[in-house]
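Here's the structure we're looking at; comments come further down.
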Amino acid sequence: TWNTYNDQIHSIVIGEGVNRIGNFAFYGSNALSVYIPKSVTEIGDSSFRKSGLIAVTLPDTITSIGNDVFRECEGLTSVSFTDGLEKIGERAFRGCTSLGYVDFPSSMTSLGSGAFTSCEGLKQVRFRPSKEPVALGADLFTQCWNLMWVTLPSTLTYLAPGMFSNCNSLTSIYIPATITEIKLEGDDGRMASPFTGSGLRTIYFGGSEEAWKKMASNPQITAPLQQNNTKIEYDVAFTDPFAIEQDDPGDLPNMDDGHKHVWSTDWTNNDENAHWHACTVSGCHADVSGNDVIGQTGYEKHIFGDWVVV
């Protein structure tokens, strides 16, 4: 089996035509990367658990990720989900301590309990707006100590038990008006507020004060918020982090493809021979930042008395 050569395997290539990666297929593999073809639609339980993977891109043909698939892949720094993925199993990314940012596609319908528990390096989680209801399991982000930014699904109807337990870096969150229930009891019968041990100081709720008080009347729900002196703001409009800003110029053309600088009429840093003009195009590094991307120290240089770049 491949285990015999584990120390020599640095990359895994799944052959075209394979439609499912079996349970425990590459458990404990030292491989740093994996290629998954479009023929694959499902990844079985624990298939890459405790492996050495550092980045994963899933094709848009995959609809389901099983339980514990990437659990304890401590070197995994990024995972790219594409539209088409619907289900992520229980504990699928638990203990992926190097994972920093996760964006979920609008096709998501469910995330299993504890799917991202103990992802200590996780800082940001965002769900793209969707039309279908999304079910989120208990303890989903428990012990994600460094989680600071969360965008919940726009169609979410409840908060699961222990959802943000011990997320002590999470100081604020927007809760959409679609949420009408805050659950306390998990599938295992254990009781836990979604907010226990969190760092929440402000909750922005899309619904009314009456709606909030109706679903948050249980003292077990409100106690952690009272301990933090959490402020609730009501009737707050949702701001979609994926929306294109009206004045956003979009990505700059690739510098190698001939990005054209638009030089400022102002100049600076003159000496006896020349002075410099900064490029005014947003995001261009030929500016006061000092990045030497065009042969000068952050500026374009020309001779006094003309406008010829040298």
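Below, all heavy atoms of this structure are taken into account, side chains as well, without hydrogens, waters or symmetry copies. Remember, it's a predicted structure, so these values are computed and weren't measured experimentally.
In this structure, OG1 on T77 lies 11.5 Å from OH on Y101, to the nearest 0.5 angstrom.
Atom CD of E181 has more than 12 neighbouring heavy atoms from other residues, nucleotides or ligands inside a 6.0 Å radius.
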Would T196 and S165 satisfy side chain to side chain donor-acceptor pair (under 3.5 Å), going step by step from the backbone distance to the final call? CA-CA 5 Å; T196 300; S165 291; 4.6 Å; no
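Taking the six-membered ring wherever Trp is involved, the centroid distance between the rings of Y174 and F238 falls below 6.0 Å. A distance below 6.0 Å separates the ring centres of F93 and F81. Aromatic pair F48/F70: centroids less than 6.0 angstrom apart. Residues F104 and F116 bring their aromatic ring centres within 6.0 Å.
Looking at K231 and E233, a side-chain N of the basic residue comes within less than 4.0 Å of a carboxylate O on the acidic one, giving a salt bridge. For D240 and R128, the salt-bridge test fails: no basic side-chain N is under 4.0 Å from an acidic carboxylate O. Checked for salt-bridge contact, K213 and E209 meet the test: a charged N lies under 4.0 Å from a carboxylate O.
In this structure, S169 contributes its side chain and W145 its backbone to a donor-acceptor pair below 3.5 Å. In this structure a side-chain-to-backbone donor-acceptor pair under 3.5 Å is missing from N30 to G52. The main-chain N or O of A135 is never found under 3.5 Å from a side-chain atom of S110 such that the two would form a donor-acceptor pair. The closest donor-acceptor contact from the side chain of T41 to the backbone of N19 lies under 3.5 Å.
Not counting sequence neighbours, the partners of D139 by the side chain to side chain contact (heavy atoms under 4.5 Å, CB included) test are T117, T142, R190.
For the residue pair Q143 / S118, a side-chain donor-acceptor distance below 3.5 Å is found, with atom types taken as modelled.
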